[in-house]
Asks: 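Got a structure here, written out as structure tokens. Questions coming.
A quick note: this is a predicted structure, and the numbers were derived from the prediction, not measured.
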Amino acid sequence: LNALRFNAAIKAAFADPVTGVGNKVHMMGDLEREIDLAKRHNQALSVLMIEVDSLCKSASKALLKQSKLATTDLAQRIVKLSRITDGVYRCESGTFMAILSNTDRAGAHVMAKRISARAHDLVLVADQQDVQQLTLSVGMAVLTGTDSRTSLSDRAAQALDNADNE
């Protein structure tokens with residue numbers, strides 16, 4: 001019984017409680033490992049930062065609950081579109097990172113388009129009325145020989161900011 005509780009606690013420590021995908025702590029550790037592997041084996045590595053642009057920030061309890069459901073739905077869509085070797089993590093409220101092992105710029109671009117296309121029907125609904133269509137922005141960064149986990153994630157975040165401003 002204690003072993004089962006310990007195992008559940010370990011899993012909970014690395015998972016986002018709302019979406020079930022990896023949390024930020026898990027992401028940073030995995031990103032470090034993936035960078036090391038990509039450099040060692042001279043393979044491509046890309047990261048996508050995905051943000052829900054229009055997620056309602058209303059204080060309404062009904063909208064807050066629906067926002068969580070929409071965020072969870074988006075996370076599961078990203079997971080389904082990803083390969084089993086890719087990692088999906090929740091960074092902040094409406095922001096996710098996908099770590100795409102052995103994926104160059106062209107492959108990451110295809111993945112970004114797939115995610116955007118699969119999110120076009122996400123709508124935030126409260127009281128049986130369509131409240132707001134959810135839209136996404138995606139930023140992409142590809143590993144360079146001098147990247148660290150901080151520089152790679154910072155470049156992906158900057159690309160996301162640039163996409164937000166377009």
Asks: Looking at CZ of Arg149 and CD of Glu32, how far apart are the two atoms once the value is rounded to the nearest 0.5 Å?
Replies: 5.5 Å
Asks: If the condition is side-chain contact (heavy atoms from CB on, under 4.5 Å), which residues does Thr146 pass it with, not counting sequence neighbours?
Replies: Thr144
Asks: Kindly write out the residues that satisfy side-chain contact (heavy atoms from CB on, under 4.5 Å) with Val110, not counting sequence neighbours, or none if the list is empty.
Replies: Arg114
Asks: Identify whether Met111 and Val52 are in the same connected component of the hydrophobic contact network (ILVMFWY, side-chain heavy atoms under 4.5 Å).
Replies: yes
Asks: If you count heavy atoms of other groups shown closer than 6.0 angstrom to CZ of Arg77, is the number above 12?
Replies: yes
Asks: Is Leu143 reachable from Ile99 through a run of I, L, V, M, F, W or Y residues, each pair having side-chain heavy atoms under 4.5 Å apart?
Replies: yes
Asks: With a cut-off of 6.0 Å (strictly less than), are more than 12 heavy atoms of other residues, nucleotides or ligands near NZ of Lys39?
Replies: yes
Asks: What residues form a side-chain contact (heavy atoms from CB on, under 4.5 Å) with Arg40, not counting sequence neighbours?
Replies: Leu37
Asks: Only pairs at least two apart or in different chains count here, so list each ring pair (Phe, Tyr, Trp, His ring centres under 6.0 Å) that has a residue in residues 135-166.
Replies: none
Asks: Should Met97 and Ile115 be regarded as members of a common hydrophobic cluster, given that ILVMFWY residues are connected when their side-chain heavy atoms come within less than 4.5 Å of each other, either directly or indirectly?
Replies: no
Asks: When you compare the side chains of Thr103 and Arg83, does any donor N or O come within less than 3.5 Å of an acceptor on the partner?
Replies: yes
Asks: Measuring from atom OG of Ser151 to atom CD1 of Ile35, what distance do you get when rounded to the nearest 0.5 angstrom?
Replies: 6.5 Å
Asks: Please determine whether the number of non-hydrogen atoms from other residues, nucleotides or ligands lying under 6.0 Å from atom CZ of Arg105 exceeds 12.
Replies: no
Asks: Dump the intermediate steps for side-chain contact (heavy atoms from CB on, under 4.5 Å) on Asn102 and Thr85, then the final yes or no.
Replies: CA-CA 9 Å; Asn102 202 16; Thr85 56; over 6 Å; no
Asks: Check for a donor-acceptor pair, side chain of Arg90 on one end and backbone N or O of Glu92 on the other, with a separation under 3.5 Å.
Replies: yes
Asks: Taking all atoms of both residues into account, what is the closest heavy-atom pair of Ala112 and Leu48, and its distance?
Replies: N-CD1, 3.9 Å
Asks: Given the rule that I, L, V, M, F, W and Y join up when any side-chain heavy atoms are under 4.5 Å apart, are Val88 and Leu31 in one cluster?
Replies: no
Asks: Go through the structure and list residues passing ring-ring contact (aromatic ring centres under 6.0 Å, His included) with Tyr89, not counting sequence neighbours.
Replies: His26
Asks: How close do Asn23 and Ala15 get, heavy atom to heavy atom, and via which atoms?
Replies: ND2-N, 3.7 Å
Asks: Assess the side chains of Ser137 and Glu51: does a donor N or O sit below 3.5 Å from an acceptor N or O?
Replies: no
Asks: Any heavy-atom pair between the side chains of Met49 and Thr95 that's under 4.5 Å?
Replies: yes
Asks: Say whether Asp154 and Thr150, considering side chains only, have a donor N or O and an acceptor N or O under 3.5 Å apart.
Replies: no
Asks: Which one of Leu136, Thr19, Val79, Val21 satisfies the side chain to side chain contact (heavy atoms under 4.5 Å, CB included) criterion with Leu74?
Replies: Leu136
Asks: When you compare the side chain of Leu152 with that of Val47, does any pair of heavy atoms fall below 4.5 Å?
Replies: yes
Asks: Once you round to the nearest 0.5 Å, how far does CD of Glu34 lie from OG of Ser46?
Replies: 11.5 Å
Asks: Would a single hydrophobic cluster contain both Leu81 and Met140, if residues Ile, Leu, Val, Met, Phe, Trp and Tyr are joined by side-chain heavy-atom contacts under 4.5 Å?
Replies: yes
Asks: Go through it in stages, so that I can follow the logic: the residues are Lys24 and Asp16, the test is side-chain contact (heavy atoms from CB on, under 4.5 Å), and I'd like the CA-CA distance, side-chain angles, deciding distance and then a yes or no.
Replies: CA-CA 8 Å; Lys24 194 168 186 175; Asp16 175 66; over 6 Å; no
Asks: Quick check: closest heavy atoms across Phe96 and Cys91, and the distance to 0.1 Å?
Replies: C-SG, 4.0 Å
Asks: Can you sort out the partners of Arg33 under salt bridge (charged side-chain N to carboxylate O under 4.0 Å, His left out), two or more places apart, ordered by chain and number?
Replies: Asp30
Asks: Taking it one step at a time, do Ile78 and Ile50 satisfy side-chain contact (heavy atoms from CB on, under 4.5 Å)?
Replies: CA-CA 9 Å; Ile78 295 169; Ile50 305 138; 3.9 Å; yes
